[in-house]
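Reminder, nothing fancy here: chain letters follow the sequence lines and each chain counts from 1.
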Protein chains: 2
Amino acid sequence: MAYKTRAQFVADDIRHRILSGEFPGGTQLRQDALAADYDVSRIPVREALLTLEAEGLVEFYPHRGAFTTELSVSKIRELFDLRVLLEGHLLRQAIPRMTEPVLHKAGQILLEYDAALDSGSQIDNWSDYNFAFHEALYSPAGLPEAMNLVSQLNTKSDRYIRMQLLYTREIEKAEREHHDLLEFSRQGKADAACELLERHILEACEGIVAVLEGRVQASQTPDTPHLQHQK
Amino acid sequence: MAYKTRAQFVADDIRHRILSGEFPGGTQLRQDALAADYDVSRIPVREALLTLEAEGLVEFYPHRGAFTTELSVSKIRELFDLRVLLEGHLLRQAIPRMTEPVLHKAGQILLEYDAALDSGSQIDNWSDYNFAFHEALYSPAGLPEAMNLVSQLNTKSDRYIRMQLLYTREIEKAEREHHDLLEFSRQGKADAACELLERHILEACEGIVAVLEGRVQASQTPDTPHLQHQK
DNA sequence: TCTTTTTATATTTTATACAATCTTCAAAAA
DNA sequence: TTTTTGAAGATTGTATAAAATATAAAAAGA
């Protein structure tokens with residue numbers, strides 16, 4: 001897994017560009033242009049796009065090409081409901097099996113993140129931190145397939161979470177909830193933890209929906225406006 | 001979606017060959033050989049294998065090729081637990097929204113299957129029938145993403161279900177439970193239906209585990225023995 | 001003028017050819 | 001005997017080129 005093939009590299013980078021908002025939903029991803037961008041042939045680009053299709057970020061239309069996907073509000077709601085279901089399952093299995101090293105590691109991730117938060121808002125890797133924390137917390141459950149599904153759901157909704165954080169100031173709130181979550185886990189309070197987790201996820205969802213429906217005035221100008229949206 | 005590209009065709013066929021047991025877990029899938037098989041170049045074969053990798057049926061090792069995956073007993077248990085969780089969620093959402101046309105369609109699928117069962121055991125498309133029934137039953141929930149996850153879990157475990165049906169005689173039992181499930185759904189008995197569903201899934205899981213651990217004597221000789229298992 | 005057919009162009013999809021990497025196996029060294 | 005080294009062969013990964021298909025524009029007919 002150490003070695004990275006070109007197709008994998010390109011896939012990672014295009015994924016990043018989609019999630020960062022550079023390629024909004026509905027953008028056609030031309031193989032030629034991308035191949036030129038990365039100075040590779042179109043074959044690894046195609047393979048990268050196929051990988052992203054499997055992740056749900058891109059959709060192929062035969063002989064017409066690949067387009068980035070876009071999620072409706074109802075789909076977003078569904079994704080977050082599934083996260084509640086699966087992450088609740090994971091957390092409930094994890095808490096009785098919780099160990100000190102795991103608690104320590106999760107706490108460490110939070111501290112790192114707190115520090116990054118103070119130094120300046122780098123939203124770019126917030127998702128990574130967030131996922132790393134949740135992953136650490138769920139790890140004692142020993143359920144890799146469930147983690148995999150959660151990871152998929154995260155990838156699909158990541159763009160929208162990013163957007164919400166850009167427009168609102170909910171990061172601090174999420175961070176506080178993370179600390180609480182960790183505390184409940186340390187104390188073995190599974191019910192309280194799961195209840196908090198459910199709120200944590202569903203309120204994030206409602207925040208996103210509010211932004212999508214324009215019910216929120218921007219608290220700051222987004223630094224990555226939607227560029228080159230072509231039909 | 002009507003048109004099928006060569007890569008898609010090849011992917012469909014290789015998937016079938018994996019699920020049917022022709023390519024058991026750990027088999028290396030040589031691109032040359034497959035390309036010759038289908039009389040195409042290696043490019044569509046590679047793309048097909050990438051698709052299957054995303055489905056979890058195949059795994060790529062850089063510069064070493066693609067191998068069919070194999071599931072451990074613990075992973076199989078996890079997959080079925082997740083099915084319980086997700087399908088339970090779907091069924092619970094579906095039952096209050098159940099309509100007569102849906103009930104009729106699900107019943108129709110069962111009748112078709114009953115007929116096929118009498119005429120002769122064609123295990124090959126049992127999975128399709130089974131999934132079609134469950135899909136129909138869950139459709140009123142209106143949760144396409146959840147259905148998608150369930151479909152993924154099914155694809156991954158399909159090989160093992162097939163194997164179990166080959167060695168044991170549990171099809172009739174599953175079929176009876178399907179009829180009961182439909183009846184509960186018709187009567188709006190969500191709790192009873194979900195409880196039955198959970199048993200239905202978990203007992204199938206235990207059957208598979210029993211076969212894998214050799215705790216079961218074959219009730220019949222399998223008609224598709226594991227061929228060409230190459231290291 | 002409007003509709004249908006034809007042609008042209010752009011883009012995707014696939015084939016062929018080449019480069020990079022891994023595996024094998026024999027020979028040499030410890 | 002066991003381990004290590006290194007070239008030959010095999011296989012994957014990528015580039016380039018050709019074929020197939022879709023979209024748009026132009027031409028023909030009503």
Side-chain angles (χ1 to χ4, degrees), chain A residues 1-15 17-18 22-70 228-231, chain B residues 1-15 17-18 22-70 228-231:
Chain A
M1 204 35 172
Y3 184 84
K4 242 187 198 173
T5 192
R6 300 193 192 194
Q8 289 172 306
F9 177 83
V10 172
D12 289 344
D13 199 77
I14 296 178
R15 182 188 305 109
R17 292 170 80 176
I18 294 175
E22 183 180 343
F23 297 137
T27 307
Q28 178 165 16
L29 300 175
R30 290 238 159 70
Q31 302 174 1
D32 258 339
L34 291 170
D37 261 21
Y38 297 106
D39 198 33
V40 298
S41 82
R42 289 204 308 282
I43 301 289
V45 171
R46 277 184 67 78
E47 298 192 352
L49 292 175
L50 280 167
T51 302
L52 297 175
E53 180 180 39
E55 294 174 10
L57 294 180
V58 153
E59 190 163 4
F60 268 84
Y61 299 91
H63 288 103
R64 289 189 41 207
F67 296 77
T68 55
T69 55
E70 194 151 29
Q228 54 191 2
H229 190 168
Q230 61 203 72
K231 195 191 134 206
Chain B
M1 203 36 170
Y3 182 84
K4 244 189 198 171
T5 192
R6 299 191 192 194
Q8 290 172 305
F9 178 84
V10 172
D12 289 343
D13 199 77
I14 296 178
R15 183 188 303 108
R17 293 170 80 176
I18 294 175
E22 182 180 343
F23 297 137
T27 307
Q28 179 166 16
L29 299 176
R30 290 239 160 69
Q31 302 174 3
D32 260 341
L34 290 170
D37 261 22
Y38 297 106
D39 198 32
V40 298
S41 84
R42 276 182 19 237
I43 301 289
V45 171
R46 278 184 66 79
E47 298 192 352
L49 292 175
L50 279 168
T51 302
L52 297 175
E53 180 181 39
E55 296 175 7
L57 295 180
V58 153
E59 191 162 3
F60 268 83
Y61 299 90
H63 288 104
R64 289 188 43 208
F67 297 77
T68 55
T69 54
E70 194 151 28
Q228 53 190 0
H229 190 168
Q230 62 203 75
K231 194 183 140 217

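Atom CG in Leu34(A) sits about 16 Å away from atom C1' in dT14(D), given to the nearest Å.
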(message) Is there a side-chain contact (heavy atoms from CB on, under 4.5 Å) between Ile18(B) and Arg15(B)? Walk through the geometry before answering.
(response) CA-CA 5 Å; Ile18(B) 294 175; Arg15(B) 183 188 303 108; 5.8 Å; no
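For the residue pair Val45(B) and Val40(B), the shortest heavy atom distance occurs at CG2-CG2, 4.0 Å.
With contacts defined as side-chain heavy-atom distances shorter than 4.5 Å, the pair Arg17(B)/Leu34(B) qualifies. Proximity of Ile14(B) to Tyr38(B): side-chain heavy atoms (C-beta onward) are separated by under 4.5 Å at one or more points.
Looking at Gln28(A), its side chain never comes within 3.5 Å of a backbone N or O of Gly65(A) through a donor-acceptor pair. A donor-acceptor contact shorter than 3.5 Å links the side chain of Thr68(A) to the backbone of Thr27(A).
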(message) Within the 4.0 Å limit for protein heavy atoms, which parts of nucleotides 10-17 of chain C are touched? Write it as a string from 5' to 3', B for base, S for sugar-phosphate only, - for none.
(response) -SBBBBB-
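When the local axes at the two ends of the helix from dT1(C)-dA30(D) to dA30(C)-dT1(D) are compared, using 5 base pairs at each end, they differ in direction by 10° after rounding to 10°.
The side-chain hydrogen bond (donor to acceptor under 3.5 Å, both in side chains) search around Glu47(A) returns Arg46(B), not counting sequence neighbours.
For the atom pair Leu29(A) CG and Glu59(A) CD, the distance stands at 12.0 Å (nearest 0.5 Å).
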